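Hydrogens, waters and symmetry mates play no part in the numbers below; they use all other heavy atoms, side chains included. The sequence lines fix the lettering, A, B, ..., with proteins before strands; numbering per chain opens at 1. Computed from a prediction, not measured in an experiment: that's the story for all the values here.
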There are 2 protein chains.
Amino acid sequence: MKVAGTSAPPETAPTASRPGLRELKKQRTRDLLLRSALELFTERGYEETTVDDVAEAADVSQRTFFRYFASKEDAAFFAARLAEARFVDAVHARPPEEAPLDALRQALAASWDTIGEAVEQVVPLELHMRFYRVIESTPALLAAHLRRATELEERIARVVADREGLDIDRDPRPRVVVAVFGAVMRVTERIWSGRDDTGLAALRDLTATYLDQVSPALTGNWRHTET
Amino acid sequence: MKVAGTSAPPETAPTASRPGLRELKKQRTRDLLLRSALELFTERGYEETTVDDVAEAADVSQRTFFRYFASKEDAAFFAARLAEARFVDAVHARPPEEAPLDALRQALAASWDTIGEAVEQVVPLELHMRFYRVIESTPALLAAHLRRATELEERIARVVADREGLDIDRDPRPRVVVAVFGAVMRVTERIWSGRDDTGLAALRDLTATYLDQVSPALTGNWRHTET
DNA sequence: AGGCTAATGACAGCCGCTGACAGTTGACAA
DNA sequence: TTGTCAACTGTCAGCGGCTGTCATTAGCCT
């Protein structure tokens, strides 16, 4: 077995090629483990759930859990990794004429559906959405989430730099736009997770609203430009 | 004793009022623990240093370490907490006529020196600066750092909202500006920590350069506006 | 059918962290 | 000065995350 090690979704690739009883069982165990984890995390809380609890819920030993996921945290972000990958793809797909910030925004708009599909293949989308609240309210998970977001930003900054034909180590602008975009996204997530409607649609709409606030927020005189 | 619990610097306040042998010893133990920790972390690496190592270097038991610091991580960010406090003060001190983004920038410019002083009282500034590289290159520390940064941003967003007389839960702009500012700061830290000159002056200059890139980066046509 | 190897479980052990208990040592009043 | 109290500390036991090791089981392939 070579699954764990930040358990990359790519492992899931040769699904249709040659099922095989072995692969099938592995996949089923992983999905069960994943579901059990997210359910326990959202019901009982992340810190309050031990890896033993998750393993037991999936009828495997704790050791096996760690063979599928590099860490407790790794399991928590498995679905998020799928979503990220879709977004990166969407950015790649944007026409090069678009201004960077527009490209990011359009890529996001275009990703929502594919992200939903991707997540749903592994775990109920609704569960995944509810789990975001747990992330926001659990310091350890929030920290991990932010670090992951930063890494994602770095990857995207490189894509943007390529699009514009810039050397990312010489021109700060790619990293800056992406960082700004990411910052707004995170503020949005935070607000969204604190609200009642944790549906994907609500997040999508809120994101659009907040992105509209970037320019207004950066220019001076606020006092006479009330929302 | 009531030290730990995210060991708030405020505990250090009544230093001059009434030294007392007890207080003095406590302070000395804490500082020694802190220095030992940072030195070991920067020399040997954070993950490679056990709390037992730190405790032993300071000639106390592991249990005592945890009475001074809520966690290994808590010790790592003790000095950073001092710096943050100075920055928050500086933001408060800004004249209300300044536009938000300007205020943040000026506050930062005004803080550099006081931050240096504050840190120096607990740990050699140079050690603290070198430790930033460790933070940047240690996933667990980077994650914690980002979470801390987010919390700081929230606090500052409230200050900004107050300045402008806005309700932070109704108007997204305070959080958005602060998030943008913070994003640029973090990109700057990242670049800076990867360079040779890890002096405070280098960071200050780099920060100024990057902040200048915000507007240019957000407006469209990059290709004909090369740096 | 039988050999090969992947997958699993059981066990031991490290590290971060906490509660409990007992011993030591400053602080302060008699 | 001395005795009491409270603060500070060390020791020990134990939990949870995580890893290495090894024996056992179970799918795969000829």
Side-chain angles (χ1 to χ4, degrees), chain A residues 1-7 11 14 17-33 36-37 40-41 44-77 138-141 143-144, chain B residues 1-7 11 14 17-33 36-37 40-41 44-77 138-141 143-144:
Chain A
M1 152 151 20
K2 53 223 163 129
V3 174
T6 24
S7 61
E11 285 294 344
S17 58
R18 183 191 47 104
L21 217 179
R22 218 173 208 153
E23 300 292 328
L24 223 150
K25 271 180 120 176
K26 246 173 35 177
Q27 189 114 346
R28 225 181 305 152
T29 305
R30 195 203 57 188
D31 290 355
L32 184 55
L33 232 19
S36 306
L40 287 171
F41 292 167
R44 197 186 307 176
Y46 180 75
E47 314 269 17
E48 290 71 27
T49 305
T50 61
V51 173
D52 283 292
D53 292 336
V54 177
E56 192 181 355
D59 276 308
V60 294
S61 69
Q62 189 222 50
R63 195 66 184 83
T64 293
F65 173 96
F66 284 112
R67 282 197 258 256
Y68 279 92
F69 304 101
S71 63
K72 188 180 172 183
E73 196 186 285
D74 184 48
F77 290 104
T138 307
L141 284 180
Chain B
M1 142 132 47
K2 54 234 162 126
V3 173
T6 24
S7 60
E11 284 295 344
S17 57
R18 184 190 47 102
L21 216 179
R22 219 170 204 153
E23 300 293 326
L24 223 150
K25 272 179 119 176
K26 245 173 36 178
Q27 188 116 345
R28 225 181 306 152
T29 305
R30 195 204 56 188
D31 289 356
L32 184 55
L33 232 19
S36 306
L40 287 171
F41 291 167
R44 197 187 306 177
Y46 180 76
E47 314 270 19
E48 291 71 27
T49 306
T50 62
V51 173
D52 283 292
D53 292 336
V54 177
E56 192 181 357
D59 278 308
V60 294
S61 70
Q62 189 224 51
R63 196 64 183 84
T64 292
F65 173 95
F66 283 111
R67 282 197 257 255
Y68 280 91
F69 305 101
S71 63
K72 188 180 174 184
E73 196 186 284
D74 184 48
F77 289 103
T138 306
L141 284 180

Legend entry - 4.5 Å side-chain heavy-atom contact, A:Phe65 and A:Asp52: no

Rounded to the nearest angstrom, tell me the gap between atom [atom1] in [X] and atom [atom2] in [N].
X       : N      : atom1 : atom2 : answer
A:Leu33 : C:dA7  : CG    : C1'   : 13 Å
A:Arg67 : D:dC22 : CZ    : P     : 14 Å
A:Asp74 : D:dG17 : CG    : C1'   : 13 Å
A:Asp59 : C:dA10 : CG    : P     : 12 Å
A:Phe69 : C:dT8  : CZ    : P     : 12 Å
B:Glu23 : D:dA7  : CD    : P     : 11 Å
B:Phe65 : D:dG10 : CZ    : P     : 13 Å
A:Glu56 : D:dG17 : CD    : C1'   : 17 Å

Under the side-chain contact (heavy atoms from CB on, under 4.5 Å) rule, collect the residues that match up with [X], sequence neighbours excluded.
X       : answer
B:Thr64 : B:Val60, B:Ser61, B:Arg67, B:Tyr68
B:Glu56 : none
B:Glu47 : B:Thr138, B:Ala140

Legend entry - Non-neighbouring partners of A:Tyr46 that pass ring-ring contact (aromatic ring centres under 6.0 Å, His included), sequence neighbours left out: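 Listed in chain order: A:Phe41.
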
Inset, instruction - Check whether any side-chain N or O of A:Lys72 sits under 3.5 Å from a backbone N or O of A:Thr49 as a donor-acceptor pair, and report yes or no. - result: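 Yes: the side chain of A:Lys72 pairs with the backbone of A:Thr49.
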
Inset, instruction - With the side chain of B:Lys26 defined as its heavy atoms from C-beta on, choose the nearest nucleotide among D:dC8, D:dG10, D:dG27. - result: D:dC8

Inset, instruction - Output the single nucleotide from D:dG27, C:dA7, D:dA7 whose closest atom is nearest the side chain of A:Tyr68. - result: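 Side chain of A:Tyr68 sits closest to C:dA7.
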
Might you list the N or O atoms of the protein lying below 3.5 Å from N or O atoms in nucleotides 12-16 of chain C, with each pair's distance?
from	atom 1	to	atom 2	distance (Å)
C:dG16	OP1	B:Thr49	O	3.4
C:dG16	OP1	B:Lys72	NZ	3.0
C:dG16	OP2	B:Val51	N	3.1

Inset, instruction - Return the set of residues passing salt bridge (charged side-chain N to carboxylate O under 4.0 Å, His left out) with B:Arg44 (not counting sequence neighbours), or none when no residue passes. - result: B:Asp53

Inset, instruction - Measure distances between side-chain N and O atoms of B:Arg22 and base N and O atoms of D:dA7, and say whether any donor-acceptor pair falls under 3.5 Å. - result: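 Counting by modelled atom types and ignoring angles, a donor-acceptor contact under 3.5 Å is found here.
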
Legend entry - N/O (side chain, A:Thr64) to phosphate O (OP1/OP2, C:dG9) under 4.0 Å: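 So the side chain of A:Thr64 is within the cut-off, an N or O lying under 4.0 Å from OP1 or OP2 of C:dG9.
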
